[in-house]
Amino acid sequence: MPISTGPSATMRSETGRTRAGARAPLLDDVRLDFDGSLLGVREVLARVMRSIDILSLDPDEKGSVELVLAEALNNVVEHAYRGAAERPVHLELHHAADGLHVLIRDSGRPMPEERLPLSDLSTPDGEGPDAPEGGFGWFVIRHIARDIAYRRRDAENVLTFRVAVG
């Protein structure tokens with residue numbers, strides 16, 4: 001998997017097309033490969049947010065997309081790649097009639113018991129690299145995202161979800 005950061009990250013999206021009978025322009029699929037670092041996440045989030053401007057989302061929808069992506073991608077960096085050198089993350093976005101579909105793939109550590117963490121707010125996340133999964137971040141992800149699925153496939157974590165936006 002090619003790894004790149006910043007402006008050289010691989011991304012394909014086109015603007016100006018519309019679906020037949022649709023009010024909003026269609027965002028072509030976006031595919032990004034980037035380094036799994038906090039800086040890499042920040043740069044990719046900025047690019048993604050610029051690329052979805054064509055969808056003319058209201059501020060709440062756009063904020064929801066940014067928040068759920070930030071939580072999910074930061075979880076990869078902080079938990080799956082915990083203590084490891086920068087490693088690759090793959091992100092795909094697909095806009096459809098029912099929202100923005102997201103796929104995140106990484107080669108980090110699997111989620112505990114290879115399943116999605118609970119989102120019980122009564123169990124605090126804690127701090128530092130030994131913080132347990134399942135705290136506020138997963139509460140936010142579960143609150144915003146729909147159709148959340150996780151699987152471990154060929155030594156990779158694959159997380160998919162949908163954000164219901166226009």
Side-chain angles (χ1 to χ4, degrees), residues 1-6 8-14 26-49 51-52 55 61 64-121 123 125-126 128-165:
M1 174 187 311
I3 305 171
S4 55
T5 60
S8 62
T10 305
M11 184 165 108
R12 183 180 77 83
S13 72
E14 298 173 12
L26 174 67
L27 173 72
D28 280 354
D29 291 351
V30 174
R31 292 180 178 86
L32 293 159
D33 294 304
F34 61 98
D35 289 333
S37 67
L38 293 176
L39 179 59
V41 168
R42 183 181 339 162
E43 291 173 349
V44 163
L45 279 174
R47 292 188 68 173
V48 166
M49 298 316 293
S51 75
I52 67 171
L55 299 177
E61 288 177 318
S64 291
V65 169
E66 185 172 23
L67 182 57
V68 75
L69 284 175
E71 288 293 342
L73 294 173
N74 282 321
N75 277 345
V76 170
V77 172
E78 295 170 5
H79 299 288
Y81 288 155
R82 174 174 82 182
E86 295 173 0
R87 294 181 46 199
V89 179
H90 177 78
L91 172 65
E92 293 183 19
L93 303 172
H94 172 75
H95 185 238
D98 63 346
L100 192 62
H101 294 253
V102 177
L103 177 142
I104 299 170
R105 196 174 65 231
D106 69 77
S107 59
R109 297 167 23 136
M111 290 202 191
E113 300 179 28
E114 294 191 14
R115 64 179 191 172
L116 288 170
L118 299 174
S119 58
D120 181 4
L121 287 181
T123 306
D125 256 345
D130 295 324
E133 292 283 347
F136 186 69
W138 275 103
F139 173 81
V140 169
I141 292 168
R142 288 181 185 273
H143 180 72
I144 295 172
R146 302 290 175 258
D147 308 325
I148 305 169
Y150 167 79
R151 67 185 181 280
R152 182 78 175 173
R153 185 184 69 200
D154 300 327
E156 286 189 321
N157 297 305
V158 180
L159 178 67
T160 58
F161 56 87
R162 174 178 58 86
V163 182
V165 295

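- Looking only at distances, no side-chain donor or acceptor of R146 sits under 3.5 Å from a matching main-chain atom of A164.
- No donor-acceptor contact under 3.5 angstrom links the side chains of R105 and N157, judged on distance only.
- Interatomic distance, H143 NE2 to F136 CZ, rounded to the nearest 0.5 Å: 9.5 Å.
- Of the inter-residue distances, the one linking R109 atom CZ with Y81 atom OH reads 12.5 Å to the nearest 0.5 angstrom.
- Here the side chains of L103 and V158 are in contact, with some heavy-atom distance below 4.5 Å.
- V68 is not listed as a side-chain neighbour of V140, based on a closest heavy-atom distance of 4.5 Å or more.
- Looking at I52 and V165, their side chains never come closer than 4.5 Å, going by heavy atoms from C-beta outward.
- Remark: D28 CG to L93 CG distance equals 12.0 Å, nearest 0.5 Å.
- Considering only heavy atoms from C-beta on, L159 comes within 4.5 Å of I148 through its side chain.
- Defined by atom type and a distance below 3.5 Å, a donor-acceptor pair is missing between the side-chain atoms of H94 and E92.
- For the pair P117 and W138, the tightest heavy-atom approach, listed with the atom from each and the gap, is CG-NE1, 3.4 Å.
- Considering only heavy atoms from C-beta on, L116 comes within 4.5 Å of M111 through its side chain.
- The side-chain heavy atoms of L55 and E61, taken from C-beta on, include no pair separated by under 4.5 Å.
- In this structure, the separation between CD on E66 and CD1 on I144 is 10.5 Å, given to the nearest 0.5 Å.
- The residue from L45, L39, V44 that alone fulfils the side-chain contact (heavy atoms from CB on, under 4.5 Å) condition with V41 is L45.
- The minimum heavy-atom distance linking I104 with A72 is given by the pair CD1-CB, 3.6 Å.
- Enclosure of atom CZ in R152 by more than 12 non-hydrogen atoms of other residues, nucleotides or ligands within 6.0 angstrom is indicated.
- In terms of modelled atom types and a separation under 3.5 Å, the side chain of R87 and the main chain of D106 share no donor-acceptor contact.
- Counting only heavy atoms from C-beta outward, the side chains of V48 and L91 approach each other to under 4.5 Å.
- R151 CZ to E156 CD: the interatomic distance, rounded to the nearest 0.5 Å, is 10.0 Å.
- Side chains of H95 and V30 form no contact here, defined as non-hydrogen atoms less than 4.5 Å apart.
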